[in-house]
A.B. asks: 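Below you will find the structure I want to go over with you.
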There are 2 protein chains.
Amino acid sequence: MEWQLHPKMNEKLYLKDPDHSEIGKKIISNGISLIRKIGFELFTFKKLAEETGTTEATIYRYFENKLRLLNYIVSWYWHWLDYQVMFNTNNLTDAEKKIKVTIQILTWQLDTNHARQDIDLEDLHEIIISESSKVYLTKHVSEDNKEQLFMPYKNLCSRISQIFIEYNPGYVYPRSLATTMIEMAHYQDFFMNNLPSLTDFGNEKNIKHVRNFLVDLIFSTLEKKLN
Amino acid sequence: MEWQLHPKMNEKLYLKDPDHSEIGKKIISNGISLIRKIGFELFTFKKLAEETGTTEATIYRYFENKLRLLNYIVSWYWHWLDYQVMFNTNNLTDAEKKIKVTIQILTWQLDTNHARQDIDLEDLHEIIISESSKVYLTKHVSEDNKEQLFMPYKNLCSRISQIFIEYNPGYVYPRSLATTMIEMAHYQDFFMNNLPSLTDFGNEKNIKHVRNFLVDLIFSTLEKKLN
DNA sequence: TATTTATGATAGTAATACTATTATTTATAA
DNA sequence: TTATAAATAATAGTATTACTATCATAAATA
């Protein structure tokens, strides 16, 4: 018997909860596959309506605009990821192991554990890599922040920074190191696949290299200094 | 007597060289201030034409579209930054000092040395922080890359990675560490000012904290390990 | 069964992202 | 100096985008 996660999303992200209707769920799942396919710039509600077999007007009843829909999708992902980190580190006593598990999760590859009926996590992961920063790299980031639109990302950052503190209570930049780890998990992946000369993994494009880079980076930085 | 830098820009970035005419130069300088002011999403060639006292059609003769103009501006900045790093590290013998100088340059604040008549470097720096990633986070990144549109960024990355190698020839991820340093110099700045709880510098928003974070991160990582 | 609520179908608007045409001004070359 | 070429201005036009509005109908609920 499968247990499906239903994160409680920030109500400011939508006009009508897409999780409360069949068409709403289709908007999300088709939205994910369409954004993945054509990219956020060329993505429009009209195209999504056609894909979903509904009308533009209906989608506008759920989301104010396409950036809000993207933010909904991205927030869902951070929520999911935060849960994965929590679940997989909770039973561990060793902070070093927790960090390594977290890096594994941040740089995950599809396996059966992650399969879901409605949401294509592989597409979602690609969207996070290529599009997620667009939700906060705007002129209205401060207003959005006041409406708590970035909480799931902040929660994840906070959780990871606590693990860092557990590993080395004396380290003074746990939050900045957490955002560095999250962002670089995605950026190095994007660069490896699209602009490989910006990385050291170009010859053999394998996510394992990103993991090794991150493990080295994080543990070097967290190592207690004796001077 | 002042000596002005004129980087040779990739010809694929423009249709007609904006550096060869007065109106072209105005398109660039007004473009920078307008993008800074209203953000790239709301920026249009029509608004830029009004600001510049010319017509949309004229701007389209210089740039294919607004993304190309952004890429031109961003490339100009990377080129300028690369020169700054080269110039300011060239005479140094100590690789540690070179790295520290590079971090200073990446997190620069306006001073008289940087003043230019036509290009507002402060605006440009803000654009780099908030908009620069949008030039490669697209579906056409590979085609753009084939046309060498990201060379200045790659050159900077390459230069920094060489300094890392100079400091520790045994370090295996110099390029990835260079992109990490560049990206985080800007991301931590953006987060500090807009989403401060994602950093450890929220109380006193000062770029010095970003610098200290980067110095700690980079030198911890580059330190030779003896095991 | 009555009534609310959601969706579909359709229309419409202002702005965006361009392309095209022609006249006029400016720069350069004979 | 004039002829010629090139650049720009002025204007118009098109398809698409990002919405808003209206009304009829279908589905859910009271």
Side-chain angles (χ1 to χ4, degrees), chain A residues 9 11-31 34-35 37-73 131 134-135 137-140 143-144, chain B residues 9 11-31 34-35 37-73 131 134-135 137-140 143-144:
Chain A
M9 303 296 289
E11 292 177 12
K12 297 279 175 64
L13 284 172
Y14 51 77
L15 299 170
K16 178 204 287 262
D17 192 340
D19 211 44
H20 283 11
S21 73
E22 280 313 304
I23 204 158
K25 285 174 193 161
K26 266 163 81 184
I27 287 168
I28 300 301
S29 60
N30 289 331
L34 191 55
I35 292 171
K37 201 166 131 199
I38 65 177
F40 188 65
E41 279 69 33
L42 295 181
F43 169 82
T44 67
F45 278 4
K46 194 176 188 182
K47 289 172 187 165
L48 177 55
E50 277 160 21
E51 199 88 349
T52 310
T54 181
T55 61
E56 244 182 310
T58 298
I59 297 172
Y60 275 107
R61 284 192 200 99
Y62 284 91
F63 293 98
E64 221 175 305
N65 53 54
K66 67 174 186 170
L67 238 191
R68 285 291 161 107
L69 172 56
L70 180 64
N71 202 338
Y72 182 96
I73 288 169
E131 321 284 4
K134 293 169 189 172
V135 307
L137 292 178
T138 69
K139 280 283 164 187
H140 46 86
E143 292 87 69
D144 289 355
Chain B
M9 304 296 289
E11 291 177 12
K12 297 279 175 64
L13 284 171
Y14 51 78
L15 300 171
K16 177 203 287 260
D17 191 340
D19 210 43
H20 283 11
S21 73
E22 281 313 304
I23 205 160
K25 286 174 192 161
K26 265 163 83 184
I27 288 169
I28 300 302
S29 60
N30 289 330
L34 191 56
I35 292 171
K37 200 166 133 199
I38 65 177
F40 188 65
E41 279 69 34
L42 296 181
F43 169 82
T44 68
F45 277 3
K46 195 177 187 181
K47 289 173 187 165
L48 177 56
E50 277 159 22
E51 198 89 349
T52 310
T54 181
T55 61
E56 242 183 311
T58 297
I59 297 173
Y60 275 107
R61 280 192 208 99
Y62 284 90
F63 292 99
E64 223 175 302
N65 54 53
K66 68 174 186 170
L67 238 193
R68 285 290 162 107
L69 172 56
L70 180 64
N71 202 339
Y72 182 96
I73 288 169
E131 321 284 5
K134 294 168 188 171
V135 306
L137 292 177
T138 69
K139 281 284 165 187
H140 46 85
E143 291 88 68
D144 289 354

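Naming convention: chains lettered A, B, ... in sequence-line order (proteins, then strands); numbering from 1 in each chain.
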A.B. asks: Round to a whole Å and report the spacing from CD of E56(A) to P of dG8(C).
C.D. replies: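 Value for this atom pair: 13 Å.
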A.B. asks: Give the minimum heavy-atom separation between D144(B) and R68(B), together with the two atoms involved.
C.D. replies: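 Here D144(B) and R68(B) meet closest at OD1-NH2, 3.4 Å.
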A.B. asks: Hey, is the side chain of T58(A) poking within less than 4.0 Å of OP1 or OP2 on dG8(C), counting only N and O atoms?
C.D. replies: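 Yes, within the criterion.
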A.B. asks: What is the distance, to the nearest angstrom, from the CG atom on L48(A) to the P atom on dA18(D)?
C.D. replies: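 It works out to 12 Å between those atoms.
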A.B. asks: Would you say that more than 12 heavy atoms from the other residues, nucleotides or ligands in this model lie under 6.0 Å from the NZ of K46(A), or not?
C.D. replies: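 Not buried by this count: 12 neighbours or fewer within 6.0 Å.
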A.B. asks: Any ion pair linking E50(B) and K47(B) (charged N to carboxylate O, less than 4.0 Å)?
C.D. replies: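 Salt bridge between K47(B) and E50(B), a charged N being under 4.0 Å from a carboxylate O: no.
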A.B. asks: Please round to the nearest 0.5 Å and tell me the distance separating atom CG of L67(A) and atom CG of L13(A).
C.D. replies: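 Interatomic distance, L67(A) CG to L13(A) CG, rounded to 0.5 Å: 11.0 Å.
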A.B. asks: Just the rounded figure in Å: distance from P of dC18(C) to CG of L15(B).
C.D. replies: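 After rounding, the gap between these two atoms is 11 Å.
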A.B. asks: Expressed as a whole number of angstroms, how long is the span from I59(A):CD1 to dA6(C):C1'?
C.D. replies: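 Interatomic distance, CD1 of I59(A) to C1' of dA6(C): 14 Å.
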A.B. asks: With heavy atoms under 4.0 Å as the rule, sort K46(A) into base, sugar-phosphate or nothing.
C.D. replies: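 Touches nothing.
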A.B. asks: Distance check: side-chain N/O of K16(B) vs OP1/OP2 of dT8(D), anything under 4.0 Å?
C.D. replies: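 K16(B) to dT8(D) OP1/OP2: side-chain N or O found under 4.0 Å.
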A.B. asks: Does T54(A) have a side-chain nitrogen or oxygen under 4.0 Å from the phosphate oxygens OP1 or OP2 of dG8(C)?
C.D. replies: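 Answer yes for this pair, as a side-chain N or O of T54(A) is under 4.0 Å from OP1 or OP2.
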A.B. asks: Mapping L42(A) and G53(B) to their closest nucleotides on DNA chain D, which lands nearer the 5' end?
C.D. replies: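 Nearer the 5' end of the strand: G53(B).
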A.B. asks: Identify which nucleotide among dA20(C), dC19(D), dG8(C) has an atom closest to any side-chain atom of Y60(A), counting heavy atoms from C-beta outward.
C.D. replies: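 Selected nucleotide: dC19(D).
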A.B. asks: In whole Å, I'd like the distance from the CD atom of E50(B) to the P atom of dA17(C).
C.D. replies: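 It works out to 14 Å between those atoms.
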A.B. asks: Respond yes when some side-chain nitrogen or oxygen of K47(B) is under 4.0 Å from OP1 or OP2 of dT16(C), and no when none is.
C.D. replies: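 Answer yes for this pair, as a side-chain N or O of K47(B) is under 4.0 Å from OP1 or OP2.
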A.B. asks: What pair of heavy atoms forms the shortest contact from Y72(A) to D17(A), and how long is it?
C.D. replies: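 Closest heavy-atom pair between Y72(A) and D17(A): OH-OD1, 4.4 Å.
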A.B. asks: To the nearest Å, give me how far apart CG (D17(A)) and P (dT7(C)) are.
C.D. replies: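 Checked: the CG to P distance equals 12 Å.
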A.B. asks: To the nearest 0.5 Å, how far apart are CG in N65(A) and CD1 in I59(A)?
C.D. replies: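 Going from CG on N65(A) over to CD1 on I59(A), the span is 12.5 Å.
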A.B. asks: Does E11(B), at its CD atom, have more than 12 non-hydrogen atoms belonging to other residues, nucleotides or ligands within less than 6.0 Å?
C.D. replies: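 For E11(B), atom CD is not crowded (no more than 12 foreign heavy atoms under 6.0 Å).
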A.B. asks: Would you say Y62(B) places a side-chain N or O within less than 4.0 Å of OP1 or OP2 belonging to dA7(D)?
C.D. replies: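 No, because none of the side-chain N or O atoms of Y62(B) sits under 4.0 Å from OP1 or OP2 of dA7(D).
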A.B. asks: Work out how much the helix from dT1(C)-dA30(D) to dA30(C)-dT1(D) bends between its end axes, five pairs an end, to the nearest 10 degrees.
C.D. replies: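 Comparing the first five pairs with the last five, the axes sit 20° apart.
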A.B. asks: Would you call the rings of F45(B) and F43(B) parallel, tilted or perpendicular, taking 30° and 60° as the class edges?
C.D. replies: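 Ring orientation, 0 to 90° scale: perpendicular.
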A.B. asks: In whole Å, what is the span from the CZ atom of F43(A) to the C1' atom of dT16(D)?
C.D. replies: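 Those two atoms, CZ and C1', are 16 Å apart.
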A.B. asks: Can you check the I23(A) CD1 to dA9(C) P distance for me, whole Å?
C.D. replies: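 Rounding to the nearest Å, CD1 of I23(A) and P of dA9(C) are 10 Å apart.
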A.B. asks: From C-beta outward on R61(B), which listed nucleotide comes closest to its side chain: dA18(D), dT10(C), dA10(D)?
C.D. replies: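 Nearest listed nucleotide: dA10(D).
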A.B. asks: Just to be sure I understand the rule, does F63(A) reach a base, reach only the sugar-phosphate, or reach nothing, if contact means heavy atoms closer than 4.0 Å?
C.D. replies: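 It contacts nothing in the nucleic acid.
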A.B. asks: With nearest nucleotide decided by heavy atoms, which residue, A57(B) or K66(B), maps closer to the 5′ end of DNA chain C?
C.D. replies: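 Counting from the 5' end, the first nearest nucleotide belongs to K66(B).
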A.B. asks: Identify whether any heavy atom of E22(A) sits under 4.0 Å from a base atom; if not, whether one sits that close to sugar-phosphate; answer base, sugar-phosphate or nothing.
C.D. replies: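 The answer is nothing, as E22(A) stays clear of every strand by at least 4.0 Å.
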